[in-house]
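One structure below.
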Amino acid sequence: MDHGGITFSHVRKEYPDGTVAVADLTLDAVPGEILCLVGPSGCGKSTTLRMVNRLVEPSGGVITVDGQDIMEVPAVELRRSIGYVIQHVGLLPHKTVAANVATVPSLMKWPQAQIRDRVEELLTLVGLDPDVHGSRYPHELSGGQRQRIGVARALAVKPPVMLMDEPFGAVDPQGRRRLQQEFMTLQRDLGLTVVMVTHDMREAVLMADRIAVLSTGGVLEQWGTPEEVTQAPANDFVADFLADFA
């Protein structure tokens, strides 16, 4: 499967009250990599992520996904083409696991047989038996199982990129480490381009191909491999941020 990357070119987000969440961000996630956005609370990490699928509309600059300017794609169509996983999953409680995974294919009016096959394929891919879990409801699952369903749902229409906002934050530490490792294997196997927000530098170092350290206003303080960031902080801000995880 071929995948494109994500580029931010002089991207800005300013709210009507004058608050600047992201001032002037230029950054990219190359095809097939995991890019982690880290930084203190209020530095624009989630805003940056949500601008990619236009849950937050950028005020300026250009964002491209798979080479296409996101503003040239209708917002609903764009969101259906991008995988999106959040901390608390957001599964529909009144629908079965299978129906949750089938959400976007159903909206896109795939044939029922194709939807059924894709749901079975995805549940198997994330390590859940479709015969056992497909008919269950979200409240019958563990936190880790719900997170797996969230990943499966995000992969339903084979998106070129995936956005993840604190995806494992609601899972207990042991389950979190297992999910991290399993997702990394899945990401490599599928060649996914992933942008992930995390507050945990340890998670970023474990999972990322590159890390972007942001400060207030979405200012890019450093951008490099985990080794470059941890072994050669670009400035005092990055060094101080890393010190909190020492």
Side-chain angles (χ1 to χ4, degrees), residues 5-53 55-65 70 84-87 161-171 173 176-177 179-181 183-184 187 192-246:
I6 303 173
T7 67
F8 300 83
S9 181
H10 301 289
V11 173
R12 179 179 179 84
K13 178 57 186 180
E14 181 175 353
Y15 289 97
D17 66 359
T19 300
V20 177
V22 177
D24 182 13
L25 180 64
T26 295
L27 180 67
D28 70 74
V30 302
E33 82 168 354
I34 298 177
L35 171 66
C36 280
L37 307 180
V38 302
S41 297
C43 72
K45 301 185 298 293
S46 292
T47 299
T48 296
L49 193 78
R50 292 176 181 179
M51 283 193 285
V52 176
N53 61 5
L55 289 174
V56 173
E57 294 280 1
S59 305
V62 177
I63 302 172
T64 66
V65 173
I70 63 165
Y84 185 50
V85 182
I86 59 177
Q87 178 173 346
V161 300
M162 181 176 287
L163 310 176
M164 307 182 80
D165 197 346
E166 301 282 5
F168 311 120
V171 182
R176 180 174 181 152
R177 180 54 60 93
L179 281 174
Q180 289 167 340
Q181 295 288 354
F183 180 77
M184 289 164 64
Q187 181 265 340
L192 289 171
T193 305
V194 177
V195 178
M196 185 174 89
V197 167
T198 179
H199 72 279
D200 187 347
M201 191 65 190
R202 298 181 190 89
E203 181 169 72
V205 169
L206 172 68
M207 297 187 67
D209 295 292
R210 286 188 298 170
I211 296 171
V213 184
L214 305 180
S215 61
T216 301
V219 175
L220 182 59
E221 298 288 350
Q222 188 167 0
W223 175 30
T225 66
E227 292 76 17
E228 290 168 343
V229 172
T230 57
Q231 295 177 18
N235 53 38
D236 289 344
F237 176 89
V238 177
D240 289 344
F241 179 73
L242 294 173
D244 290 338
F245 297 94

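Summarising the geometry, atom CE belonging to M184 is positioned 8.5 Å from atom CG belonging to D209; distances are rounded to the nearest 0.5 Å. Taken to the nearest 0.5 Å, the OG1 atom of T230 stands 13.0 Å off from the CZ atom of R202. To the nearest 0.5 angstrom, L35 atom CG is 8.0 Å from I6 atom CD1. From W223, atom CH2 reaches atom CG of L27 across 5.0 Å, with rounding to the nearest 0.5 Å. Put simply, CG on N53 and CD1 on I70 are 8.0 Å apart, with the number rounded to the nearest 0.5 Å. Note that CE of M196 is 10.0 Å distant from CG of D165, once rounded to the nearest 0.5 Å.
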Legend entry - Verdict with reasoning, L220 to T26, per side-chain contact (heavy atoms from CB on, under 4.5 Å): CA-CA 8 Å; L220 182 59; T26 295; over 6 Å; no
Legend entry - Criterion side chain to side chain donor-acceptor pair (under 3.5 Å) on T198 and D200, from CA distance to verdict: CA-CA 5 Å; T198 179; D200 187 347; 5.5 Å; no
Legend entry - Residue pair V229, V38: steps toward the side-chain contact (heavy atoms from CB on, under 4.5 Å) verdict: CA-CA 11 Å; V229 172; V38 302; over 6 Å; no
Inset, instruction - Mind running side chain to side chain donor-acceptor pair (under 3.5 Å) on E14 and S59 for me, showing each step along the way? - result: CA-CA 6 Å; E14 181 175 353; S59 305; over 6 Å; no
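For the residue pair G5 and P31, the shortest heavy atom distance occurs at N-CG, 3.7 Å. Contact record, I211 with P226: CD1-CA, 3.9 Å, taken as the closest heavy-atom pair. Residues M201 and L242 approach most closely at CE-CD2, 3.4 Å, considering heavy atoms. K13 approaches V56 most closely through the heavy-atom pair CE-CG1, 3.6 Å. Taking all atoms of both residues into account, the shortest heavy-atom contact from Q180 to M207 is CG-SD, 3.7 Å. Minimum interatomic distance between C36 and A208 (heavy atoms only, all atoms of both residues): SG-CB, 3.7 Å.
Using a 4.5 Å heavy-atom cutoff, the side chains of R50 and Y84 are in contact. F183 has its side chain within reach of M162: a pair of non-hydrogen atoms, C-beta onward, lies under 4.5 Å apart.
Using a distance-only test at 3.5 Å, with no hydrogens or angles considered, no donor-acceptor pair links the side chain of K45 to the main chain of L214. Not a single donor-acceptor pair under 3.5 Å links the side chain of S9 to the backbone N or O of G61. Looking at T193, its side chain does come within 3.5 Å of a backbone N or O of G32 through a donor-acceptor pair. A donor-acceptor pair is defined here as one N or O able to donate and one able to accept, closer than 3.5 Å; such a pair exists between the side chain of R210 and the backbone of D28. Of the possible polar contacts, none joining the Q222 side chain to the N235 backbone as a donor-acceptor pair under 3.5 Å is found.
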